[in-house]
Structures are given as structure tokens and as C-alpha cells.
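What follows is a set of notes on a single structure, which appears directly below.
Throughout, a chain's letter reflects where its sequence line sits, starting with A, and its residues are numbered from 1.
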Amino acid sequence: MPQYQLVRGMRDILPSATARWREIETTVIDVLSRYGYEEIRLPLLESTELFSRGVGEATDLVEKEMYTFPDRKGKSLSLRPEGTAGCVRACIENGLLHNRKQKLWYHGSMFRYERPQKGRNREHTQIGAEAFGMPGPDIDAEMLVMLARAFRDLGVASALTLELNTIGSAASRARHRQALVDYLTPHRDELDADSRRRLATNPLRIFDSKVPSTRAIVAAAPKLHDYLDAAAEAHFDDLRRRLDAAHVDHRLNPLLVRGLDYYTHTVFEWVTEALGAQNAVCSGGRYDGLVERLGGRAIPAAGFGMGLDRLALLHERSVSADYAQADLYLAVAAPEHASWASALAERIRDATPLRVLQHAGAGGLRSQLGEADRCGARWAAIVGDEEMAEECVSLKWLRDEQRPQAKLTVHALIDALLA
RNA sequence: GUGGGUGUAGCUCAGCUGGUAGAGCCCCGGAUUGUGGAUCCGGUCGUCGUGGGUUCAAAUCCCAUCAUCCACCCCA
């Protein structure tokens, strides 16, 4: 057993997985940039207050899941548990929202002190995006259309369902919340323990309870939908028409409530059945009041976070792919050919974009070709006495039995590799 | 934070009512002195998670602890 072990909830992403991760990341980032989103890079560490104020004091995320500690001068810092608060802070602080719109994306680790299980680690990686300054359903719709494209490009669309809901304006949400608390308080003793706790913290979540007796009480409770104002309904209807027109399938889930305080109006979640209990792969929504709450002007916004750890699990299930380490493996018949082969490898790298893996260390030609096979290379190039004498290379197609091995000049070799 | 399961080779796992550790895969070499994938032969790799206890003797029984997995909870 090793002397040092991973800190609980952290994870190593090993070479056998990183090629897949990289493919996922470049695919998603490419789609984002095709919709005009620009990258912003943000710190992992922020003042604790940013999250308690932005995400909400009473949320589970802030209440019990943050990595919080004092720095050397006693100031309370927290590892970011999510990306939106920090992004909004950076935008306000740098004047990015002054009289202009912004579409931004970021990529990186988030930290939450939770009990690890499948699809849930204490460090996880998200790609998130935020759109500032656009109040209408057009940007909500574009964001969802964009995500649908990203999931199609990734090859995981068939495993995902888009769930959608509106929670209305902050004002109508507050009215509903009060009505709900007024309705549930007389039934307080009949609720399960979790729901009693939520009555004070986040009563909307009581709708999610799986306890039958609680469900029976909740069935007659005031519905959020009945408290929506006309503008909120119009916004939501407009969004749904746009999604229909774009053929983005979605399912209404009136119980879908984001656990962070800042959400308003549109909320959404892409869920899968394939990953067990942790089924949300990407979720987000509008947060029209957050910029103001964090000290900026009243600027409407929408955004999402996408969990790459879960997306990678899903991708692994949905897309089988061979990620080769190299394109060409350069083998030598004997050690004295190695320096000539090195020069050849450099010429190939100069002339082509190929990944050229040159043999190093001990091992006969037989074992070198074994390595060539294992690294996934399409070709093996062999250098021996005969080749060196004739300034040639023997090229072997490892994945195509039909093509015979051929002795080629260096020029002909490069042409063959580029063909 | 709560409940349950599991820790033995790099990986997947076997190891009975205690007697001093095994298989398959992988890797290396050979059969094939310059040609991979198939087959056969040979070989390397273990603080049996950690600490303590019981015992002549512990991978095996007991206690503690750490890690891990699944679920609750929560979320990406």
C-alpha cells in the first residue's frame, strides 16, 4: 500500500482517460465559441462572503458543503463550489458589464465537501457559461439549442433528457413561498424530519420529498405555477415555442427547483438514467437578480454548469473510441541505427503533423513491433542496415493487412504518410 | 451528516471450521538471430489497507482506524 493516498473525494484522471476528457472539452468549447462565447479564467479561491451572499446563506451548498478556511491574516476564504458567483464578481470588478452584453465560458475545478459516491466527488470539473445583459427568452432558447448541439456532437444526446421549468420572478417566488409556508406550518408535525427542516430553509424542495405521508400533504399545497405573473408565463411560453421550432425536445418538470438562491424564471437540467443517483449532467437557468445582489447594476443573466466527470462517464458508456498514443512508431533493427532514426523522426515531425513515437531502451525488433501495435500506431517505420545504406525506410501498415510493407525513400515516406 | 457493502500482485478476483499466499489478465523473455496481433513455454511483481488484541501460529477471529463503493441527502 502506498504511503500517501488521495485526499478523500479528490481524483486522479489517468492517461487512459485524459484523451477522452480532452475530446469532450474541445468539442464543448468549440460549440461555445461558435455561439460567440469567450473564455474567462477565474480563481479557485474567493472570499467566503461572495458565496454566502451570492449563492445564498441557507443553501446546502453554503451551509455545509464548502471548503472554508482562514488565510494567514484571518480572512475567510473558500474554494469555489460553483462558478457563477466568481464570474459575476469578475465581471463587476473589471467593468465587463458596463453598457454591454457578455457571453463567457470558463472551465475548471469546483469543490464541494460531500459524501463521495458514483458521479459525485469533492473535486469535480465543470465547463460553465454565462450570458449577461439579455433579458428575453431568446438567449435562454439559444443556450439550450447550443447545449443540444454540444450533446449531439459528443454523441451522448440519446442518453439525455432536457427538463424545464419556470420559477418566475423573485417577487412571485417570494409570494408563493410565503403561501407554501402558511399552508405547511399547521401540518408541521405530520411532515418527515427532512421536510420540517426545509420548511425553514428551502420550502420549495419539500415538493421533492419521497416520503408518502409528506407527498400526500404536499399534493394539496399551493403550486408555484399559480403564482406566476403574466410576464413570467409569457417568457416561458415564448421559450417553449422557440425550443419546439428548433426541435429541441424537452419535458416540463414543475418540481424542478435549482438549489441555489439566485435562480429566477427559466431553470433547466439535462438528466440521464445511465449514471445512477447522480443524474444531472448539466443544469442552469436565469439569475436576473444576482449581479445587483453582488453590487453591480440590475443586469439580467442566464447560465449553466456542465459536470465533466459525469459527462465523461456518460461518454464512456455511449461512445467507444480508441485513443491512440501515436500515429507512427519508428523501430530500429539494432542500437547503432538509433541516431540515424532520430534524425529521421525529426524530419517526419517537421514535414507532417503526425505523432511519431521513436523506440527507446532495450528490446529487439519483435518487441518493438509489439509496442507499435499496443500504442495504436497506424504505421511502423523500420530502420536497419539495408535501409540506412540506401537512405530508405521500410513502412509497414499495421492496421491494413492488404497493403504490403514497402521500402521507401524519405521523400516517398513522407508523401505516403500525408496521403 | 445517516445507512449498508468492500479492502489480498499494476488490474479482476480465489484463498473452507486459524497452519505461514494463488489464478487469470497485463508486463518481460523465448519458440521465430530484421517483423505486431494467434498459439505454446518460461519469468518478474505482495508490509493480505493500517494499528492493536487473542493464539504455539492470523489474510482468516476480535477491536479500532483509514480508504473505497452504493444508497439517503444534495447536486454538475
Inset, instruction - Indicate, with a heavy-atom threshold strictly under 4.0 Å, whether A/S367 touches base, sugar-phosphate, or nothing. - result: sugar-phosphate
Legend entry - For atom CG of A/L369 and atom P of B/G30, their distance in whole Å: 13 Å
Legend entry - Base B/G37 to side chain A/E401, donor-acceptor N/O within 3.5 Å cut-off: yes
Inset, instruction - Please determine if A/R399 and A/D373 form a salt bridge, counting it only when a charged side-chain N lies under 4.0 Å from a carboxylate O. - result: yes
Inset, instruction - Give a yes or no on whether a donor-acceptor pair under 3.5 Å exists between the nucleobase atoms of B/C75, that is its base, and the side chain of A/Q126. - result: no
Inset, instruction - Answer yes when A/E346 and A/R349 have at least one side-chain N-carboxylate O distance shorter than 4.0 Å, and no when they do not. - result: yes
Legend entry - Under 3.5 Å donor-acceptor pair, A/R374 side-chain atoms to B/C26 base atoms: no
Inset, instruction - May I ask you to say whether A/E123 pairs ionically with A/R11, meaning some side-chain N is under 4.0 Å from a carboxylate O? - result: yes
Inset, instruction - Ignoring hydrogens and angles, answer whether the base of B/G1 and the side-chain atoms of A/E114 contain a donor-acceptor pair closer than 3.5 Å. - result: no
Inset, instruction - Answer with base, sugar-phosphate or nothing: what part of the nucleic acid does A/G276 contact at a heavy-atom distance below 4.0 Å? - result: sugar-phosphate
Legend entry - Close residues, residues 145-165 of chain A, relative to RNA chain B [heavy-atom separation under 4.0 Å]: none
Inset, instruction - Extract the stems that RNA chain B is part of, considering only consecutive pairing runs of at least three Watson-Crick or G-U wobble pairs, both distances under 3.5 Å. - result: B:1-7 with B:66-72, B:10-13 with B:22-25, B:27-31 with B:39-43, B:49-53 with B:61-65
Inset, instruction - Classify the nucleic acid contact of A/E387 as base, sugar-phosphate or nothing, counting any heavy atom under 4.0 Å across all strands shown. - result: base
Inset, instruction - Report which part of the nucleic acid A/K118 touches: base, sugar-phosphate, or nothing (heavy-atom distance under 4.0 Å, all strands). - result: sugar-phosphate
Inset, instruction - May I ask you to say what A/N121 touches in the nucleic acid, namely base, sugar-phosphate or nothing, with a heavy-atom cut-off under 4.0 Å? - result: base
Legend entry - Residue A/R115, side-chain atoms from C-beta onward, closest of B/U35, B/U2, B/A67: B/U2
Inset, instruction - Using salt bridge (charged side-chain N to carboxylate O under 4.0 Å, His left out) as the criterion, point out the one residue from A/R242, A/R149, A/K103 that pairs with A/E142. - result: A/K103
Inset, instruction - Decide yes or no, distance alone: a donor-acceptor N/O pair under 3.5 angstrom between the base of B/U35 and the side-chain of A/Q405. - result: yes
Inset, instruction - Examine the base of B/G37 for any acceptor or donor lying under 3.5 Å from a partner atom in the side chain of A/D373, and report the outcome as yes or no. - result: no
Inset, instruction - Assign A/E371 to base, sugar-phosphate, or nothing according to its heavy-atom contacts below 4.0 angstrom with the strands shown. - result: nothing
